[in-house]
Amino acid sequence: MIIIVMGVSGSGKTTIGKLLADSLEWEFSDADNFHSPENVEKMRCGIPLSEADRMPWLQDLQTAIKQWLQENKSVVLACSALKDSYRQFLLLDSDRIKLVYLKGSYELIQARLQERSNHYMNEKLLGSQFNTLEEPLDTISIDVAQPPQIIVQNIRTALEI
C-alpha cells in the first residue's frame, strides 16, 4: 500500500509522514526531494510554481509510484497534491493507494511556517498554496491542530492498519 499524505506547506506532511511510516515500519519518501533545483530556487525566492514547472515533478512522482506498486512496496509519500488533477495523476490504483488530507486553518499553518527554518517553502507562498488548494472530498481528512501522535493514530484507525 502507498499512503499519500497531502496538504499545504506547513500542514505537517513530512513530520506526520515520517511518524506514520515509522509506526508501520514502512519506507518514507518526500515529494519535495523530487523537485528540480530550479523549482526549489523559485520557491525559496517566494515565486509560486507554474503548471509547466510542476509537470516534470509530477511525472517523476508518478514514475516512482509505479515502481513502488510493481515492487509491492509499502510507502508513505508526503506530497502537497493541492489540485484534484495532480491527485488523479498520482492515484494510479485506488485499491493500493490511499490519500490522507492534513487540514488546518490558515492562521495555524502560518504560525507554523513562521517558526520553521532551513526550508525553502516559507510563509510568502502560503497564500498561493491555499489559493491553489482544491480540498479533496472523498478522502480521510485529519485536523492538524492535534498532537502528531494522535494524528498518526487517527490515520491508522481510519485506514484500519
Side-chain angles (χ1 to χ4, degrees), residues 1-22 24 26-94 96-104 106 108-136 139-142 144 148 151-152 155:
M1 177 186 286
I2 297 170
I3 301 171
I4 299 176
V5 178
M6 65 146 300
V8 297
S9 181
S11 62
K13 297 179 300 291
T14 301
T15 300
I16 299 304
K18 285 179 179 177
L19 287 171
L20 179 61
D22 287 347
L24 295 167
W26 288 10
E27 185 177 322
F28 172 77
S29 187
D30 196 324
D32 284 349
N33 298 330
F34 289 77
H35 277 298
S36 69
E38 295 80 17
N39 281 3
V40 170
E41 189 55 32
K42 273 184 139 177
M43 291 183 281
R44 182 174 280 118
C45 293
I47 302 168
L49 298 181
S50 68
E51 294 300 309
D53 293 327
R54 281 191 189 94
M55 190 45 66
W57 172 71
L58 287 167
Q59 289 170 333
D60 289 346
L61 286 169
Q62 186 187 68
T63 299
I65 290 168
K66 284 178 182 176
Q67 183 173 346
W68 296 332
L69 290 172
Q70 286 175 342
E71 295 172 0
N72 213 22
K73 280 190 172 183
S74 296
V75 178
V76 176
L77 173 65
C79 179
S80 54
L82 298 176
K83 287 189 174 185
D84 183 60
S85 60
Y86 306 161
R87 294 188 293 272
Q88 296 310 314
F89 193 74
L90 301 176
L91 295 170
L92 303 172
D93 182 337
S94 61
R96 297 193 296 158
I97 302 175
K98 302 301 176 192
L99 187 68
V100 174
Y101 171 40
L102 299 182
K103 182 175 181 169
Y106 186 94
L108 173 66
I109 304 296
Q110 182 179 38
R112 287 182 176 183
L113 289 176
Q114 287 171 342
E115 294 172 4
R116 185 159 80 174
S117 61
N118 298 325
H119 194 281
Y120 60 82
M121 281 295 286
N122 57 50
E123 66 177 301
K124 290 188 280 185
L125 290 174
L126 187 59
S128 73
Q129 289 262 301
F130 270 92
N131 289 338
T132 302
L133 176 64
E134 296 170 359
E135 290 191 332
T139 193
I140 297 164
S141 182
I142 303 289
V144 299
I151 293 171
V152 169
I155 293 169

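What you are looking at is a predicted structure, and each value in this text was computed from that prediction instead of being measured.
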On a heavy-atom basis, which atom in [X] and which in [Y] lie closest, and how many Å separate them?
| X | Y | value |
| --- | --- | --- |
| V75 | W26 | N-CE3, 3.8 Å |
| L99 | P136 | CD2-CB, 4.1 Å |
| V144 | G104 | CG2-CA, 3.5 Å |
| L58 | F89 | O-CE2, 3.4 Å |
| L113 | G10 | CD2-CA, 3.8 Å |

State the [atom1]-[atom2] distance between [X] and [Y], to the nearest 0.5 angstrom.
| X | Y | atom1 | atom2 | result |
| --- | --- | --- | --- | --- |
| I2 | S74 | CD1 | OG | 8.5 Å |
| F28 | I16 | CZ | CD1 | 10.5 Å |
| L19 | I151 | CG | CD1 | 9.0 Å |
| S85 | E51 | OG | CD | 6.0 Å |
| Q129 | L82 | CD | CG | 5.0 Å |
| L90 | R87 | CG | CZ | 10.0 Å |

Evaluate side-chain contact (heavy atoms from CB on, under 4.5 Å) for Y101 paired with I140, printing each intermediate quantity in order.
CA-CA 6 Å; Y101 171 40; I140 297 164; over 6 Å; no
With salt bridge (Lys or Arg N to Asp or Glu O under 4.0 Å) as the test, would you mind laying out the steps for K83 and E135 before giving the verdict?
CA-CA 8 Å; K83 287 189 174 185; E135 290 191 332; over 6 Å; no
Show your working on side-chain contact (heavy atoms from CB on, under 4.5 Å) between S29 and F34 and close with a plain yes or no.
CA-CA 10 Å; S29 187; F34 289 77; 3.5 Å; yes
Would you say D60 and T63 are linked by a side-chain donor-acceptor pair, where the criterion is simply a distance under 3.5 Å?
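Result is no, nothing qualifies.
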Will you find, in the side chains of Y86 and Q62, an N or O donor that is under 3.5 Å from an N or O acceptor?
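No pair is found: no donor N or O on one side chain lies under 3.5 Å from an acceptor on the other.
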E71/K66 ion pair, N-O < 4.0 Å
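No.
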Could you tell me whether a side-chain N or O of [X] sits under 3.5 Å from a main-chain N or O of [Y], the two making a donor and an acceptor?
| X | Y | result |
| --- | --- | --- |
| K13 | S80 | no |
| D93 | R96 | yes |
| S11 | K103 | no |

Given the rule in the side-chain contact (heavy atoms from CB on, under 4.5 Å) test, do E41 and I47 qualify, once you have shown the distances and angles that lead to the verdict?
CA-CA 9 Å; E41 189 55 32; I47 302 168; over 6 Å; no
Evaluate the ring planes of H35 and W57, with Trp represented by its six-membered ring, and classify them as parallel (under 30°), tilted (30 to 60°) or perpendicular (over 60°).
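Ring orientation, 0 to 90° scale: parallel.
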When you compare the side chain of V5 with that of I3, does any pair of heavy atoms fall below 4.5 Å?
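Sidechains of V5 and I3: in contact.
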For K42, does the NZ atom have more than 12 heavy-atom neighbours from other residues, nucleotides or ligands under 6.0 Å away?
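Yes, because the 6.0 Å sphere around NZ of K42 holds more than 12 heavy atoms from other groups.
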Tell me, with the steps shown, if E27 and V76 meet side-chain contact (heavy atoms from CB on, under 4.5 Å).
CA-CA 6 Å; E27 185 177 322; V76 176; over 6 Å; no
